[in-house]
Number of protein chains: 2
Amino acid sequence: MNPKILLVEDDKILGYALKTYLEMRHFQVNLQPNGAEGLSAFNSEQFDLCLLDVMMPIMDGFTLAEEIRKLNPAVPVIFLTARSMKIDKLQGFQKGADDYIVKPVDEEELIARIQAVLRRTNPSPVSISSYSIGTLSFDWHSRRLNDGAQTVILTDKEADLLRLLCERKNQLLDRKVVLQELWGKVDYFNRRSMDVHMAKLRKHLQLDPKVTIINIHGKGFILED
Amino acid sequence: MNPKILLVEDDKILGYALKTYLEMRHFQVNLQPNGAEGLSAFNSEQFDLCLLDVMMPIMDGFTLAEEIRKLNPAVPVIFLTARSMKIDKLQGFQKGADDYIVKPVDEEELIARIQAVLRRTNPSPVSISSYSIGTLSFDWHSRRLNDGAQTVILTDKEADLLRLLCERKNQLLDRKVVLQELWGKVDYFNRRSMDVHMAKLRKHLQLDPKVTIINIHGKGFILED
DNA sequence: TTACTTCTTAACTTCGTCTTAACGCTTTTA
DNA sequence: TAAAAGCGTTAAGACGAAGTTAAGAAGTAA
């Protein structure tokens, strides 16, 4: 499904132009003429991204962004600002903007920025499936763990587990997160099952002696390389 | 702990100026003069963010960014580009830039963009879990206390205790507050238990000789650095 | 069917953490 | 100054968490 964008822009001509352009580039766009209506639109639908003009009547972009953050801090926000607007620009970032675009809008740049923000926020479904761990490389799709010399083919669960670890390499991966993601439920048996898989993964990862999965007692695991 | 930035810039004057400015703003900066050395620096340390000049001898910024992504796709990249460079700019985004800055660099804007990118990539806006104590860094979430050289993994209670101390660094932390927060009850045994944990913490904190936990008789403790 | 793979369950072992106890030193109080 | 209370420290034990191996169970392919 194409990403859904909430566009709030009071300038009708620019607003319509942007909407048309974004739709041409396969985004779904909901255009609203001011902050108040933008907010109520945000209330009634799910969006993947908000594109907000800063200078607007009724409710300005920054205030709207604050309201949006209160409702759902996960949805990224990009501001549209006038070229001169330097101080406001900074305030905008302070209030949790993910990016901003200076008017007049360069359409290609806009697309690029939107895609960059979406890539970061939605670890996309097509997504990265190749990871490097020390000297090893791991491809989640083909479930191969590669040494340079030899290749080990992991099982489904092992691969899923390793992917989670890779996504938080050198950071704590919480046990509960794993159980919720891969088993859907946190109970004693799933926990034990996970430990078994972890043991198998450790064995596979011995291909590179520097790679280890360390345990944080009572919390989770860290994949270190 | 302050964010660690890998800065790769071949212009020595600009590079040094940026490094100085960023350090003034409490970032840790590793400055490298070209792509090759930038890559090897990236290999040997963990960074929170990379700031790469696009036009460089030996290895240009885009190529470097690609190599960096291969090693760790989670680390955000910001490019430094010349004003005119439009097509390259877009290529940069395609190759996974998180943002770019047009030269000549506006320092405040640079800081704002860095902070924006870091806020997005570092997942915990809710509760701060990273503290610095003297030369040490402590991450409550993963319970790691870091020296630069070595890392000690604390236990749950130790980590909780250290967090409380950090939150009131160089101020009195009342015994009763600790007991109420971490044990839920103030009695003789909990008090003794806390003292045991305190002793262990002191031992860990010997990593930096300047850091001490001093006792205020009958009142509580002060973490000094 | 048999052979094979993968995941779960079980059982046993090892390890880590927290509490409790003990002892000695320091500070406060009577 | 003596007694009491507060604190630093080490060690031992209990308990739960995690590592490990192997035996079922369930599914898949030949």
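Letters go in sequence order (proteins before strands), and every chain restarts at 1. What you see below is based on every heavy atom in this structure, not just the backbone, and it leaves out hydrogens, waters and symmetry mates.
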side-chain N/O A:Arg202 vs D:dG19 OP1/OP2, d < 4.0 Å: yes
Sugar-phosphate, base or nothing in reach of B:Phe221, heavy atoms under 4.0 Å: sugar-phosphate
Phosphate-side-chain proximity, B:Arg175 and D:dG6, N/O vs OP1/OP2 below 4.0 Å: no
Atom-pair distance (CD1 on B:Ile214; C1' on D:dG8), nearest Å: 15 Å
Whole-Å distance separating the CE atom of A:Met198 from the C1' atom of C:dT8: 16 Å
Whichever of B:Ser193 and B:Tyr188 has its nearest DNA chain C nucleotide further upstream toward 5': B:Ser193
Side-chain donor/acceptor contact of B:Arg192 with base of D:dG8 under 3.5 Å: yes
Spacing of A:Ile216 atom CD1 relative to C:dT17 atom P, expressed in whole Å: 9 Å
For B:Ile133 against B:Asp208, the heavy-atom pair lying closest together: O-OD2, 4.2 Å
Whole angstrom value for the distance that separates P of C:dT17 from CG of A:Asn215: 9 Å
Test item: B:Arg143 side-chain N/O and B:Leu154 main-chain N/O as donor-acceptor pair under 3.5 Å: yes
Touch class at under 4.0 angstrom, heavy-atom based, for B:Asn190 against every strand present: nothing
Distance test, side-chain N/O of A:Thr155 to OP1/OP2 of C:dC7, below 4.0 Å: yes
Nearest-angstrom distance from the residue atom CG of B:Asp160 to C1' of C:dT17: 13 Å
Backbone of A:Val29 reached by a side-chain donor or acceptor of A:Lys19 within 3.5 Å: yes
Rounded distance (Å) that lies between atom P of D:dT9 and atom CG of B:Leu201: 12 Å
Heavy-atom donor-acceptor pair, B:Asp53 side chain to B:Glu9 backbone, under 3.5 Å: no
A:His217 vs D:dG16: side-chain N/O to OP1/OP2 distance below 4.0 Å: no
Contact under 4.0 Å: A:Lys203 side-chain N or O vs D:dT21 OP1/OP2: yes
Side-chain N or O of B:Trp183 closer than 4.0 Å to phosphate OP1/OP2 of C:dC18: no
B:Met194 CE - C:dA21 C1' separation (whole Å): 18 Å
Proximal nucleotide (of D:dT9, D:dT20, C:dC18) relative to the B:Lys200 side chain: C:dC18
Nearest-Å distance for atom pair CD/P, residues A:Glu158 and C:dC7: 7 Å
A:Leu165 and A:Tyr131, any side-chain heavy atoms less than 4.5 Å apart: no
5' precedence on DNA chain D between B:Asp195 and A:Val196 (nearest-nucleotide basis): B:Asp195
